[in-house]
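Only one structure is covered here, and it is reproduced in the block below.
Per chain, numbering begins at 1; letters A, B, ... match sequence-line order.
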Amino acid sequence: MGVTNKKSKAQDSADGRYGPKQMSSLQASALSINGPPTLDGAATLDGAATLDGAATLDGAATLEKAAPALRKALLTWYGEQGRDLPWRRSRDPYAIWISEIMLQQTQVKTVLPYYQRWLATFPTVADLAKAEQQTVLKSWEGLGYYARARNLHRTAQLIVERHGGIFPEDFDAAIALPGIGRTTAGGILSAAYNLPVAILDGNVKRVLARLVALPKPPAKAMNQLWQLSEQILDPQQPRDFNQAIMDLGATLCTRHRPSCLLCPWQAHCTAYRQNLQSELPMTESRAPLPHKQIGVAVIYDQDGRILIDRRKQEGLLGGLWEFPGGKIEPNETVEDCVKREIKEELAIEIEVNDRLITVNHAYSHFKVTLNVFNCTHLSGEPQTIECDEVKWVTLDEIDSYPFPKANGQIIDAIKARVQQG
DNA sequence: TAGACGTGGTA
DNA sequence: TTACCAAGTCT
């Protein structure tokens with residue numbers, strides 16, 4: 001029963017220090033004391049030139065000198081204000097690894113219920129390793145970035161095969177595992193084994209960018225930021241330090257309205273000293289997201305079953321199920337698109353009937369409109385031309401298959417329609 | 001090295 | 001409503 005947390009003695013004593021975080025509402029209004037931004041155009045890369053002289057804490061020597069005070073202030077603050085998070089109550093490398101993967105580009109609040117359910121479903125590495133991928137993806141359904149789930153599954157098998165079922169303590173071995181990069185490796189090794197390995201997640205980037213008033217977007221200064229993170233890390237308490245600096249970024253040194261008056265690093269922060277905390281870190285402007293129009297078919301057979309297909313492993317939503325369809329070509333009606341795509345991808349003939357629903361959805365790098373039509377199967381056995389698998393399923397069975405978020409609205413619409421008769 | 005890769009929250 | 005952001009990794 002690996003579900004329950006096995007607490008070490010060190011853990012028990014440490015837990016008492018983590019009080020629930022209380023954010024004061026005073027901080028927000030206090031910030032308005034700071035005058036208007038002095039840095040025109042600082043939010044864009046082109047304004048970099050106006051930041052001359054901002055990098056006060058530039059040299060490694062300066063940081064080296066300030067490091068002991070910074071560490072002490074941060075760890076004291078963490079002891080009083082650190083968040084009480086379930087994975088921090090564990091020293092089980094497996095549980096910590098799961099949390100680190102789930103937390104990639106995902107907020108704590110979103111992860112919490114998934115984390116609890118996951119450990120109940122897959123209590124140990126061995127349980128995860130021997131599970132079916134479909135079960136793994138179903139547990140991940142809704143969290144996004146599904147390569148994380150596929151990599152988690154594969155890595156569990158590698159840990160069983162190559163590491164005796166125990167997450168490796170060696171950095172090079174850890175980073176060689178699928179889905180584990182430099183930051184995640186550092187997060188796991190420091191949290192699980194208290195090893196002095198630096199991290200550089202979104203929180204740390206923002207905190208450090210402000211601490212030194214980094215005159216460029218973090219993406220353009222990764223080497224420098226990694227160097228800073230390594231230099232500032234407390235070699236005596238790497239576990240608490242890494243957790244503490246992330247908490248600082250997540251609760252005080254936030255993107256908007258940072259709570260500088262409560263910050264343990266206020267006295268050392270170059271951005272605060274120059275009143276640039278609202279302008280930093282710098283960001284690069286992006287091009288607007290492309291928008292795709294998609295034709296989607298909900299195909300019924302004579303028995304009222306519905307045709308679904310499993311997407312290929314690689315790429316967007318890999319391994320998940322979906323309703324077949326494809327991109328609408330220029331000068332093509334949605335109905336023509338649906339009929340054409342189904343013939344091309346599944347080699348069957350269908351009749352396109354009425355529109356079921358229209359779903360708008362935004363992915364990280366493009367937007368889609370799903371134009372969903374009810375269809376009737378006319379002839380042909382579905383072939384797996386553009387997918388890994390096809391299946392006729394009943395409405396009761398459909399809930400056991402992992403679907404992307406945007407498909408959830410389609411399933412709801414099908415159910416609503418069936419109930420109406 | 002920059003783009004692919006999800007979803008929910010927020011201003 | 002739109003745009004940006006949040007405990008990144010892979011190619």
Side-chain angles (χ1 to χ4, degrees), chain A residues 28 43-45 82-83 85-88 96-115 137 140-152 154-155 174-188 190-191 198-207 217-223 225-226 229 242-251 253-258 278 281-291 311-320 322 359-368 402-409:
Chain A
T44 56
L45 187 52
R83 292 175 293 179
L85 302 172
W87 40 90
R88 286 184 183 165
I96 290 168
W97 163 47
I98 297 300
S99 76
E100 289 290 338
I101 301 300
M102 287 186 170
L103 287 162
Q104 289 170 0
Q105 298 288 284
T106 310
Q107 296 185 337
V108 167
K109 185 183 175 186
T110 303
V111 166
L112 251 18
Y114 281 91
Y115 174 78
L137 287 172
W140 196 270
E141 185 181 52
L143 253 190
Y145 286 134
Y146 297 92
R148 293 185 293 173
R150 301 195 301 271
N151 287 151
L152 218 37
R154 178 69 189 128
T155 292
I175 208 168
L177 296 167
I180 297 177
R182 191 171 173 182
T183 284
T184 300
I188 297 170
S190 62
I199 58 174
L200 189 57
D201 71 334
N203 287 310
V204 179
K205 282 180 201 167
R206 187 170 55 256
V207 168
K220 300 275 205 254
M222 293 300 282
N223 282 337
L225 288 169
W226 271 112
S229 183
N242 277 345
Q243 296 301 314
I245 193 171
M246 284 193 286
D247 271 16
L248 185 64
T251 66
C253 196
T254 50
R255 187 66 186 88
H256 301 285
R257 292 182 167 281
S278 296
M282 300 178 71
T283 58
E284 295 188 76
S285 54
R286 300 176 194 164
L289 270 36
H291 191 146
R311 296 175 62 92
K312 295 183 175 182
Q313 288 288 306
E314 307 76 29
L316 187 73
L317 308 169
L320 297 189
E322 67 174 4
V359 178
N360 284 299
H361 189 78
Y363 294 99
S364 51
H365 52 305
F366 68 94
K367 300 176 184 176
V368 290
F403 280 86
K405 194 66 185 175
N407 283 245
Q409 289 179 247

Looking only at heavy atoms, which two atoms of A:Glu284 and A:Pro217 are closest? And how far apart? CG-CG, 3.6 Å
Picking from C:dC5, C:dA7, C:dT9, the nucleotide nearest the side-chain atoms of A:Asp247 would be C:dA7
Give A:Gly179 one of three labels, base, sugar-phosphate or nothing, depending on what nucleic acid heavy atoms sit under 4.0 Å from its own. sugar-phosphate
In 5'-to-3' order, the base (B), backbone-only (S) or no-contact (-) status of each nucleotide in nucleotides 3-11 of chain B, using a 4.0 angstrom heavy-atom cut-off, is -SBBBS---
Starting at the 5' end of DNA chain C and moving along, which residue's nearest nucleotide shows up first, A:Thr184 or A:Leu289? A:Leu289
Round to a whole Å and report the spacing from CD1 of A:Ile175 to P of C:dT9. 8 Å
Is a donor from one side chain sitting under 3.5 angstrom from an acceptor on the other, for A:Gln104 and A:Arg148? no
Contact class for A:Trp140 (heavy atom, under 4.0 Å): base, sugar-phosphate, or nothing? nothing
Kindly give the heavy-atom pair with the smallest separation between A:Pro404 and A:Tyr146, and that separation in Å. CA-OH, 4.4 Å
Nucleotide C:dT9, atom P - distance to CD1 of A:Ile101 in whole Å: 8 Å
Quickly work out the A:Lys367 NZ to C:dT2 C1' distance and round it to whole Å. 6 Å
So, applying side-chain contact (heavy atoms from CB on, under 4.5 Å) with A:Leu317, which one of A:Tyr145, A:Tyr363, A:Phe403 is it? A:Tyr363
Between C:dA7 (P) and A:Tyr115 (OH): distance, integer Å: 18 Å
In this structure, how many angstroms lie between the P atom of C:dA7 and the CG atom of A:Leu248, rounded? 12 Å
What verdict does the side chain to side chain contact (heavy atoms under 4.5 Å, CB included) test give for A:Val204 and A:Trp226, after you've listed the backbone C-alpha separation in whole Å, the side-chain angles of each residue and the deciding distance to 0.1 Å? CA-CA 10 Å; A:Val204 179; A:Trp226 271 112; over 6 Å; no
Whether A:Lys205 contacts C:dG8 is assessed here as follows: a side-chain N or O lying under 4.0 Å from the phosphate OP1 or OP2. Is that the case? no
Proximity to the side chain of A:Val108 - top-ranked nucleotide from C:dA7, C:dT9, B:dA2: C:dA7
Could you give the distance separating C:dG8 and B:dT1 at their C1' atoms, to the nearest angstrom? 16 Å
Rounding to a whole Å, what distance do you find between A:Trp97:CH2 and C:dA7:C1'? 17 Å
Using atom CE of A:Met222 as one end and atom C1' of B:dT1 as the other, report the distance to the nearest whole Å. 12 Å
Pairwise P distance, C:dC5 and B:dG3 [rounded to whole Å]: 15 Å
Does A:Arg206 have a side-chain nitrogen or oxygen under 4.0 Å from the phosphate oxygens OP1 or OP2 of C:dC5? no
If you look at every heavy atom in A:Thr155 and A:Pro178, which pair is closest and at what distance? OG1-O, 2.9 Å
What are the two closest non-hydrogen atoms of A:Gly315 and A:Arg150, and how far apart are they? O-NH2, 4.2 Å
Distance in angstrom units between A:Glu100 CD and C:dT9 C1', rounded: 13 Å
For C:dA7 versus B:dA4, give the span between their P atoms, rounded off to a whole number of Å. 23 Å
